[in-house]
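First comes the structure, then the notes that go with it.
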Amino acid sequence: MTFKTTTLVSLLAASSFFAGGSALATTFKVAVGDAQGSAQWEMASKFKSSFEAKVAGKHKVDLFPNGQLGSEETTINSASMGTLDFSVLAVNNITPFSPTVGVLTLPYVIQSAEEARKLVTGEVGKELTANTVRDAGVRIVGWTFSGFRVLTNSKKPIKTLADLKSLKIRVPKNEIMIASYQAWGINPTPMAWSETFTALQQGVVDGQDNPYVTVSAMKFSEVQKHITNIRYVFSLEPIIVGEGIFKKQSADVQKAMLDAGAEATEHSYKWLADTEARIKKELIAKGMQISDPADGEKEWIAKATTAVWPKFYDSIGGKAKLDAVLKTLGR
Ligand code: MLT
């Protein structure tokens with residue numbers, strides 16, 4: 001083969017690799033809602049290294065942590081419109097745009113990390129991914145496992161629903177989570193994630209809920225004192241790509257995105273198992289005080305499941321969808 005033929009062959013190979021997208025190498029931008037050190041960041045970093053290795057350095061991935069590219073809710077619209085490539089965000093912040101993913105946020109449906117993994121890597125995950133493409137113009141390519149959302153506040157130990165009464169609690173702008181707190185007897189304050197630290201710092205709200213790893217990465221120990229170990233929502237935080245961006249890529253690049261997403265999902269699952277207990281100890285060392293619900297969470301569970309589940313059957317696609325999820329989980 002002459003030098004010219006070899007060059008032509010490699011040029012052709014390169015152009016077929018990029019077919020459908022730009023002929024030039026692209027740097028994909030990934031918005032990350034949380035700070036460096038978070039579960040989101042860890043998963044996104046693994047996605048970056050896996051994807052870049054698969055495309056042999058022909059594309060790059062840049063990560064932008066801490067909501068630099070907009071609030072989590074805003075990044076859905078940006079990805080959908082094609083002005084942002086990827087975003088890593090809590091699934092509860094996708095629900096307003098694609099209500100069926102709400103099944104993952106219904107209180108006390110997911111009871112362990114294993115159950116979360118079983119759902120999102122199986123048929124349920126496939127169906128929800130198809131639904132987000134249809135409803136919101138974004139495709140889920142991988143999942144972050146962040147742990148149960150525990151309740152934090154700056155005022156006092158919370159052990160019972162009665163203790164909760166006097167507190168102002170921030171929740172995501174998610175109807176299911178709002179309804180959960182209403183079932184527990186208070187009206188929470190819906191607020192964008194990007195505004196939450198400042199609101200806690202300034203006392204606009206007293207508390208919020210998020211997993212241990214998020215509380216730590218976001219430095220909430222500086223503005224919160226108490227933690228209650230509730231387990232109403234297991235936090236899943238997908239990486240999404242704008243469907244228009246995805247469709248523009250060659251089959252090879254699409255496959256690299258999906259495979260990197262699957263690898264990052266597995267990595268995230270292991271990372272959480274290896275990390276959460278250490279983070280909890282670190283938060284205690286920083287002065288946070290941890291309580292358990294006094295009744296083993298019985299009243300919290302009974303009130304939330306009775307009042308909240310039926311209210312959202314329609315939005316998740318019917319009661320049969322929840323039944324199918326529970327059957328998958330052997331319940
Ligand atoms: C939220 O509370 O809005 C999110 O769960 C925060 C996050 O992305 O970690």
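The structure displayed is predicted, hence computed values, not measured ones. Whatever order the structure lists ligands and atoms in, that order sets their numbers, starting from 1.
- Within the structure, every pair that satisfies the ring-ring contact (aromatic ring centres under 6.0 Å, His included) test and touches residues 277-331, not counting sequence neighbours, is listed here: Trp184-Trp300.
- The ring-ring contact (aromatic ring centres under 6.0 Å, His included) check on Phe148 picks up Phe234, with sequence neighbours excluded.
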Show the distances, to 0.1 Å, for all pairs joining an N/O atom of ligand 1 and a protein N/O atom that are shorter than 3.5 Å, listing one pair per line.
residue	atom	partner	partner atom	Å
ligand 1	2 (O)	Arg149	NH2	2.8
ligand 1	2 (O)	Arg170	NH1	2.7
ligand 1	2 (O)	Asn210	ND2	3.1
ligand 1	3 (O)	Asn93	ND2	3.1
ligand 1	3 (O)	Arg170	NH2	2.9
ligand 1	5 (O)	Arg149	NH1	2.7
ligand 1	5 (O)	Asn210	OD1	3.1
ligand 1	8 (O)	Asp34	OD1	3.3
ligand 1	8 (O)	Gln40	NE2	2.9
ligand 1	8 (O)	Glu72	OE1	3.2
ligand 1	8 (O)	Glu72	OE2	2.3
ligand 1	8 (O)	Glu237	OE2	3.1
ligand 1	9 (O)	Asp34	OD1	2.9
ligand 1	9 (O)	Asp34	OD2	2.8
ligand 1	9 (O)	Glu237	OE2	3.1

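- A side chain to side chain donor-acceptor pair (under 3.5 Å) with Arg170 is found for exactly one of Thr196, Thr152, Thr189, namely Thr196.
- Applying the ring-ring contact (aromatic ring centres under 6.0 Å, His included) test to residues at least two apart or on different chains, the pairs with a partner in residues 253-278 are Phe145-Tyr269.
- With salt bridges taken as basic N to acidic carboxylate O contacts below 4.0 Å, none links Lys118 and Glu115.
- Around atom NZ of Lys155, no more than 12 heavy atoms belonging to other residues, nucleotides or ligands sit under 6.0 Å away.
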